[in-house]
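A short worksheet on the structure shown next.
As a basis for the values below, the full set of heavy atoms in this structure was taken, side chains included, without hydrogen atoms, waters or symmetry mates. Just so you know, residue 1 is the first one in the sequence shown, and it goes up from there.
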Amino acid sequence: MLTTDFRPGAPNWLDLASPDTAASAAFYRGLFGWTSATGPGAAEHSLFRQDGRTVAALGPVTSAGLRAAWTVHFRTLDSDRTAALVRAAGGAVRFGPFDVLTSGRTTGCTDPTGADFAVWQPHDVCGLDLVTEPGSLCWTECFSIDAEAAKTFYRAVFGWQEQDVPLGLDLYTVLTPPGGGTADAHGGICPIPPQDTAAGISSHWLPSFEVPDVDATLATAERLGATVRLPAEDVHGVGRLARLVDPHGAAFAVITSAPPG
């Protein structure tokens with residue numbers, strides 16, 4: 001499970017790029033009960049908070065015509081070195097590395113199968129203040145057009161530990177930061193479902209947010225203008241989950257996790 005210990009290689013930041021930041025802020029405030037406040041250094045950037053603790057960031061898309069998208073950031077001890085590893089492993093660097101004031105140093109990357117992600121080297125800001133609790137990030141998944149190629153890439157860049165578990169006719173690979181135990185798992189890699197491939201959905205990282213009641217959250221999301229990509233379903237040993245696309249096109253998931261044990 002995610003914790004705010006943020007081992008190297010673990011997700012430690014999450015941000016949303018939107019063509020309409022005011023509308024996106026209103027959507028997520030209505031969905032999760034988040035508050036939002038202007039972030040440091042730029043009026044068009046803000047921080048989402050749950051009970052006063054930062055759970056994500058929001059900013060404008062960087063190019064006209066782009067849709068909204070969530071970007072998962074993984075902790076690194078050296079953003080420049082990670083950028084070099086990304087290139088050596090066949091990925092691409094979209095931006096950076098550069099410093100975000102005194103908060104940290106970031107790099108935007110794309111894996112060889114087309115999934116975007118970023119890395120965050122902490123300075124003053126180690127990462128999110130809250131994870132795993134209701135209204136916060138609890139899991140990250142890479143849905144890939146080539147799961148084996150994705151695993152090879154991320155193994156080279158982050159040294160993640162892997163455990164394959166059956167998922168229907170496919171395998172789902174559970175990811176753990178280097179040196180971590182089973183309890184430190186932070187995400188997974190799996191093939192894109194056939195129905196998503198048919199719909200033209202490409203490789204992507206999907207953040208999942210913990211919620212008290214998936215079905216109630218789904219109803220609220222639809223009322224606020226979201227589209228359901230995967231209706232609520234129970235997954236044995238995992239919990240009840242659903243996948244959504246917000247009104248501006250950013251994909252995410254919600255889950256009510258199964259009790260431990």
Side-chain angles (χ1 to χ4, degrees), residues 2 4 6 11-75 94-96 98-110 115-141 204-211 217 220-221 223-227 229 243-254:
L2 291 180
T4 53
F6 298 132
N12 67 336
W13 193 255
L14 180 69
D15 61 38
L16 172 66
S18 172
D20 188 337
T21 55
S24 290
F27 172 80
Y28 288 99
R29 286 197 301 265
L31 184 63
F32 295 132
W34 289 346
T35 59
S36 56
T38 301
E44 69 271 24
H45 291 79
S46 59
L47 299 175
F48 285 124
R49 293 194 172 107
Q50 180 80 320
D51 299 326
R53 291 176 286 182
T54 300
V55 292
L58 170 67
V61 295
T62 54
S63 300
L66 291 181
R67 301 176 70 185
W70 283 102
T71 299
V72 178
H73 299 239
F74 300 97
R75 183 178 182 180
R94 301 191 321 279
F95 62 79
F98 62 80
D99 291 321
V100 182
L101 301 177
T102 62
S103 297
R105 189 164 177 81
T106 188
T107 306
C109 308
T110 304
D116 292 340
F117 66 100
V119 296
W120 181 258
Q121 176 186 346
H123 294 329
D124 294 344
V125 177
C126 183
L128 302 174
D129 295 330
L130 184 70
V131 296
T132 304
E133 299 298 325
S136 68
L137 180 70
C138 66
W139 194 250
T140 60
E141 291 175 303
H204 62 284
W205 277 94
L206 187 77
S208 293
F209 299 97
E210 185 72 29
V211 296
T217 301
T220 300
R223 177 174 56 80
L224 293 172
T227 301
R229 180 175 287 176
R243 299 192 195 111
L244 306 159
V245 177
D246 77 15
H248 293 286
F252 66 102
V254 292

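- Taking each heavy atom of Ala17 and Pro60 in turn, the nearest pair found is CB-O, 4.2 Å.
- In this structure, the side chain of Thr132 engages the main chain of Leu2 through a donor-acceptor pair within 3.5 Å.
- Taking the six-membered ring for Trp and the full ring otherwise, the centers of Phe6 and Trp120 sit at least 6.0 Å from each other.
- Cys138 approaches Phe209 most closely through the heavy-atom pair SG-C, 3.9 Å.
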Would Trp205 and Phe74 count as a ring-ring contact (aromatic ring centres under 6.0 Å, His included) if you check the C-alpha gap in whole Å, the side-chain angles of each, and the deciding distance to 0.1 Å? CA-CA 12 Å; Trp205 277 94; Phe74 300 97; 5.1 Å; yes
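- For the pair Trp13 (side chain) and Val125 (backbone), a donor-acceptor distance under 3.5 Å is absent.
- Partners of Asp51 by side-chain hydrogen bond (donor to acceptor under 3.5 Å, both in side chains), not counting sequence neighbours: none found.
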Test Leu137 against Leu128 for side-chain contact (heavy atoms from CB on, under 4.5 Å), laying out the working first. CA-CA 9 Å; Leu137 180 70; Leu128 302 174; 4.3 Å; yes
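- Here OG1 of Thr217 is found 10.0 Å from CD of Glu210. Values are rounded to the nearest 0.5 Å.
- Shortest non-hydrogen contact noted between Pro247 and Leu224 is CG-O, 3.7 Å.
- The shortest side-chain heavy-atom distance between Pro122 and Asn12 falls under the 4.5 Å cut-off.
- Remark: side-chain polar atoms of Ser208 are not paired, donor with acceptor, to backbone N or O of Val254 under 3.5 angstrom.
- Between the side chain of Thr21 and the backbone N or O of Ser18, no donor-acceptor pair lies under 3.5 Å.
- Side-chain atoms of Ser103 and Asp124 form no donor-acceptor pair, as typed in the model, at a separation below 3.5 Å.
- Counting heavy atoms from C-beta on, the side chains of Phe252 and Leu16 never come closer than 4.5 Å.
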Only distances under 3.5 Å count here; give the side-chain donor-acceptor pairs of residues 52-59 to other protein atoms, sequence neighbours excluded, each with its distance to 0.1 Å.
| unit_1 | atom_1 | unit_2 | atom_2 | d |
| --- | --- | --- | --- | --- |
| Thr54 | OG1 | Asp129 | OD2 | 3.4 |

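- Between the SG atom in Cys109 and the NE2 atom in His73 there is a gap of 10.0 Å [rounded to 0.5 Å].
- Asp246 contributes a side-chain N or O that, together with a main-chain N or O of His248, makes up a donor-acceptor pair within less than 3.5 Å.
- With sequence neighbours left out, Gln50 forms a side-chain hydrogen bond (donor to acceptor under 3.5 Å, both in side chains) with no residue at all.
- From Trp34, atom CH2 reaches atom OG of Ser46 across 10.5 Å, with rounding to the nearest 0.5 Å.
- Between Thr4 and Val131, some side-chain heavy-atom pair lies under the 4.5 Å cut-off.
- Within the 4.5 Å cutoff, no side-chain heavy atoms of Phe32 are placed close to those of Phe27.
- Side-chain contact between Leu14 and Trp70 is present, with heavy atoms from C-beta onward closer than 4.5 Å.
- Looking only at side-chain heavy atoms (C-beta outward), Val119 and Arg105 stay at 4.5 Å or farther from each other.
- Using a 3.5 Å distance cut-off with no hydrogens or angles, the side chains of Arg29 and Thr35 do not pair a donor with an acceptor.
- Using a 4.5 Å heavy-atom cutoff, the side chains of Thr106 and Phe98 are in contact.
- The shortest heavy-atom contact between Ala251 and Pro207 is O-CD, 3.8 Å.
- The shortest side-chain heavy-atom distance between Leu206 and Arg243 falls under the 4.5 Å cut-off.
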